[in-house]
Amino acid sequence: LAKTTQPISMDSYEGQEVNITCSHNNIATNDYITWYQQFPSQGPRFIIQGYKTKVTNEVASLFIPADRKSSTLSLPRVSLSDTAVYYCLVGDLNAGNMLTFGGGTRLMVKP
Amino acid sequence: DSGVTQTPKHLITATGQRVTLRCSPRSGDLSVYWYQQSLDQGLQFLIQYYNGEERAKGNILERFSAQQFPDLHSELNLSSLELGDSALYFCASSVRDTYEQYFGPGTRLTVT
């Protein structure tokens with residue numbers, strides 16, 4: 001199971017773009033990169049998933065370089081309601097690697 | 001709203017008791033996962049069921065058991081409860097084996 005490293009916390013201001021980078025040097029060939037958001041006392045919410053290059057949905061973008069040893073979650077124009085913990089997960093459920101949440105990145109959006 | 005429902009929202013019980021947590025997955029999802037989140041442990045995977053069959057086990061205690069019924073809803077049974085079992089219990093569902101899972105609102109269990 002690929003180990004991930006992401007910043008413990010980040011601060012931003014409303015309206016700014018936020019980029020959270022996750023390192024996963026030992027990512028395996030079949031591993032996907034998945035990001036979740038969690039608010040206090042709520043279940044994690046799936047944000048985005050990718051394998052390589054760039055993935056975009058209505059909420060965020062995920063940038064994955066060619067070597068796939070890192071990934072960046074980009075949140076455009078954040079608002080106060082984006083204050084949450086963001087988790088980067090790397091693995092392949094088909095390989096028996098269950099979802100393992102680390103400490104995540106605590107994002108604080110200020111007015 | 002993820003489409004996954006969990007009942008009850010809150011549960012307060014005494015040590016040594018037994019409780020049952022219930023989860024209804026999103027329509028069409030065959031996989032159900034159970035997770036425990038406590039303050040000191042983070043989110044821990046407990047067990048997965050796929051279309052009624054146990055698929056994978058994580059850090060689930062022998063005092064805990066689960067099952068998935070023909071209508072795909074799932075129940076997590078916790079017995080001989082201890083103070084340390086106090087936590088948020090989340091259920092998640094997905095169409096297949098994937099990291100793209102949809103979590104329910106959780107059941108907060110307090111053991112006194």
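Keep in mind the model is a prediction, meaning the values are calculated, not measured. Proteins come first, then strands; the chains are lettered A, B, ... in the order of their sequence lines, and each starts at number 1.
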Sort A/Q42 into side chain, backbone, both or neither according to what part of it lies under 4.5 angstrom from a heavy atom of chain B. backbone
Is A/L107 reachable from A/F63 through a run of I, L, V, M, F, W or Y residues, each pair having side-chain heavy atoms under 4.5 Å apart? no
Winner by heavy-atom pair count (cut-off under 4.5 Å) against chain B, out of A/G104, A/G103, A/P44: A/P44
Would you indicate whether A/R106, at its atom CZ, is surrounded by more than 12 heavy atoms from other residues, nucleotides or ligands within a distance under 6.0 Å? no
Following the transitive rule for hydrophobic clusters with a side-chain heavy-atom cut-off under 4.5 Å over Ile, Leu, Val, Met, Phe, Trp and Tyr, establish whether A/I33 and A/V55 coincide in one cluster. yes
B/L88 and A/S41 have their tightest heavy-atom pair at CD1-CA, 3.8 Å
Bottom line for B/Q44: the part with an atom under 4.5 Å from chain A's heavy atoms is neither
Is the number of heavy atoms from other residues, nucleotides or ligands within 6.0 Å of CG (B/L83) greater than 12? yes
Heavy atoms only: give me the nearest B/E100-A/Q49 pair and the separation to one decimal. N-NE2, 3.8 Å
Are A/M10 and A/I48 linked, directly or through intermediate hydrophobic residues, by side-chain heavy-atom contacts shorter than 4.5 Å (ILVMFWY only)? yes
Using heavy-atom distances under 4.5 Å, tell me whether B/Q48 contacts chain A through its side chain, its backbone, both, or neither. side chain
Name the orientation class of the two ring planes belonging to B/Y102 and A/F46 (parallel below 30°, tilted from 30 to 60°, perpendicular beyond 60°). tilted
For the residue pair A/V90 and B/Y99, what are the closest heavy atoms and their distance? C-CE2, 3.7 Å
Against chain A, label B/S2 side chain, backbone, both or neither, depending on which of its atoms sit under 4.5 Å from a heavy atom there. neither
Side chain, backbone, both or neither: which part of B/R55 has a heavy atom under 4.5 Å from chain A? neither
Would a hydrophobic clustering, with Ile, Leu, Val, Met, Phe, Trp and Tyr connected at side-chain separations under 4.5 Å, put B/V4 with B/V32? no
Is A/L75 reachable from A/M108 through a run of hydrophobic residues whose side-chain heavy atoms are each under 4.5 Å from the next? no
